[in-house]
Amino acid sequence: MADKAESTFEQLNKIDVSDHLDTKRFKSKRTNKEYRYDYLSWMWAWQILKGVDIDATKEFTQFPEYDRQNGKLTGRNVDYMKTPEGTYVECTVTIKGHSESETLSVMDYFNNAEKNPDIMQINKTKQRCFVKACALQGLGLDVYKGEDLSSNSSGHNNNKNGTQRNSRATATNQQNSGNQKAGREKKERVTSLITSYADFLNQEPHKVLVTLLNSFATSWDKMTNNSADKIIKFVIEKGRESQQ
């Protein structure tokens, strides 16, 4: 029996994208740990798609434009949708006749939905959305598989949210879960927000981190889920206040 022909997804999925990632790094001087956030270059992704299928296309969904003052249609179509909750774009990538679509919200440095983004923010979101649509086709999918992992992490936290997954968990168990030490994913969320917050304050991230840890009477190693949630909430609220 002849071997089954390799699918386009399998062909794209086996491509090593590691040499084509744009990387943002943050190193904590307190713990000496390095955190890495990887983004696949959209230009390289487009080059690869065209190499596999010269007729490959990308298309951004067009939405009717509304006048912000009177809420009426302007008669134009634009490649983004503004809603009271935020703005998003949608990209469809077609290769060898197969289409995959992905949507992505325009977000600020604090990962909050941007309700009134400028054209540059929208353009950057379009390119990131395109790369995510490419991932649905197989290219660079592993990059998003590891979104919740730090560069120096190995394995998974098998106990993460275990109490919440148990439908019969009691209020006491939920409280105990909150008192457990914050896991890798929670700490990465804290790190990401504090890095952006430090940029806004024009201060070094590790100093901002130490100040907040002291304010909430905890340390990086002893931080619990509850204290991590409080820090996250505090930084997000400060980010929103800065935009008012």
Side-chain angles (χ1 to χ4, degrees), residues 3-25 35-66 73-151 156 185 188-189 192 196:
D3 293 336
K4 182 180 178 181
E6 184 179 57
S7 68
T8 304
F9 179 91
E10 291 169 331
Q11 181 181 356
L12 292 171
N13 192 232
K14 72 179 184 182
I15 295 175
D16 184 5
V17 304
S18 58
D19 291 335
H20 304 278
L21 298 175
D22 296 326
T23 302
K24 180 178 180 181
R25 286 186 172 89
Y35 299 89
R36 187 180 70 194
Y37 305 92
D38 296 328
Y39 307 90
L40 183 61
S41 165
W42 70 267
M43 291 179 288
W44 181 82
W46 186 236
Q47 180 180 355
I48 292 298
L49 290 189
K50 283 295 189 178
V52 173
D53 177 13
I54 191 61
D55 296 320
T57 63
K58 61 176 177 178
E59 181 180 4
F60 293 97
T61 302
Q62 298 290 304
F63 301 94
E65 182 184 50
Y66 289 85
L73 289 170
T74 65
R76 293 198 318 141
N77 288 328
V78 291
D79 52 12
Y80 55 87
M81 170 60 78
K82 287 189 176 182
T83 74
E85 290 75 28
T87 301
Y88 68 89
V89 300
E90 180 179 59
C91 182
T92 299
V93 170
T94 301
I95 182 168
K96 293 186 177 180
H98 178 72
S99 299
E100 292 285 357
S101 298
E102 180 65 277
T103 60
L104 187 64
S105 298
V106 182
M107 293 174 284
D108 62 17
Y109 290 112
F110 298 93
N111 288 331
N112 298 314
E114 186 68 70
K115 295 185 178 181
N116 189 32
D118 58 35
I119 196 66
M120 182 175 293
Q121 290 172 304
I122 293 174
N123 185 60
K124 288 181 178 180
T125 302
K126 286 172 59 181
Q127 304 306 344
R128 297 206 323 268
C129 188
F130 160 66
V131 172
K132 279 204 162 187
C134 290
L136 294 181
Q137 293 279 16
L139 182 64
L141 186 60
D142 285 347
V143 175
Y144 300 99
K145 185 188 300 182
E147 274 186 324
D148 60 343
L149 301 178
S150 61
S151 61
H156 296 269
E185 192 172 324
E188 282 219 356
R189 173 67 167 158
S192 176
S196 298

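Bear in mind that the values here come from a model prediction, so they are computed numbers and not experimental data. Residues: numbered from 1 along the sequence shown. What's counted below: heavy atoms across the whole structure, side chains too, no hydrogens, waters or symmetry copies.
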List in chain and number order the residues that pass ring-ring contact (aromatic ring centres under 6.0 Å, His included) with Tyr88, two or more places apart in sequence or in another chain; answer none if no residue qualifies.
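Here the qualifying residues are Phe63.
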Quick one: ring-ring contact (aromatic ring centres under 6.0 Å, His included) partners of Trp42, sequence neighbours excluded?
none
Compare all side-chain heavy atoms of His98 with those of Thr8 and state whether any distance is below 4.5 angstrom.
no
Less than 4.5 Å apart, any side-chain heavy atom of Pro117 and any of Lys82?
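Yes, their side chains come closer than 4.5 Å.
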Find the distance between CD (Glu59) and CG (Asp79) and round it off to the nearest 0.5 Å.
11.0 Å
How many angstroms lie between atom CZ of Phe60 and atom CG of Asn123, to the nearest 0.5 angstrom?
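Here the rounded value is 8.0 Å.
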Shortest non-hydrogen separation from [X] to [Y] and the atoms involved:
X: Pro64; Y: Asn77; result: CA-OD1, 3.4 Å
X: Ser41; Y: Val131; result: C-CG2, 4.5 Å
X: Thr125; Y: Ser105; result: CG2-O, 3.6 Å
X: Ile15; Y: Trp44; result: CG2-CH2, 3.9 Å

Does Lys124 offer a backbone N or O that forms a donor-acceptor pair with the side chain of Gln127 under 3.5 Å?
no
Is the backbone of Ala56 close enough, under 3.5 Å, to the side chain of Lys50 for a donor and an acceptor to pair up by distance?
yes
Set of residues satisfying side-chain hydrogen bond (donor to acceptor under 3.5 Å, both in side chains) with respect to Lys58, sequence neighbours excluded
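Partners of Lys58 under the side-chain hydrogen bond (donor to acceptor under 3.5 Å, both in side chains) test: none.
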side-chain hydrogen bond (donor to acceptor under 3.5 Å, both in side chains) partners of Glu65, counting only residues at least two apart
Thr74, Arg76
Let's go through Leu136 and Glu102 carefully: what are the C-alpha distance in whole Å and the side-chain angles of both, what is the deciding distance for side chain to side chain contact (heavy atoms under 4.5 Å, CB included) to 0.1 Å, and is it a yes or a no?
CA-CA 8 Å; Leu136 294 181; Glu102 180 65 277; 4.1 Å; yes
Listing, residues 89-96 side-chain donor-acceptor contacts under 3.5 Å, not counting sequence neighbours, or none:
unit_1	atom_1	unit_2	atom_2	d
Glu90	OE1	Thr61	OG1	2.6
Thr92	OG1	Ser101	OG	2.6
Thr94	OG1	Ser99	OG	2.6

Can you spot which of Leu49, Leu104, Leu40 makes a side-chain contact (heavy atoms from CB on, under 4.5 Å) with Phe130?
Leu49
Taking only residues two or more places apart in sequence or in another chain, which ones pass side chain to side chain contact (heavy atoms under 4.5 Å, CB included) with Ala135?
Leu141, Tyr144
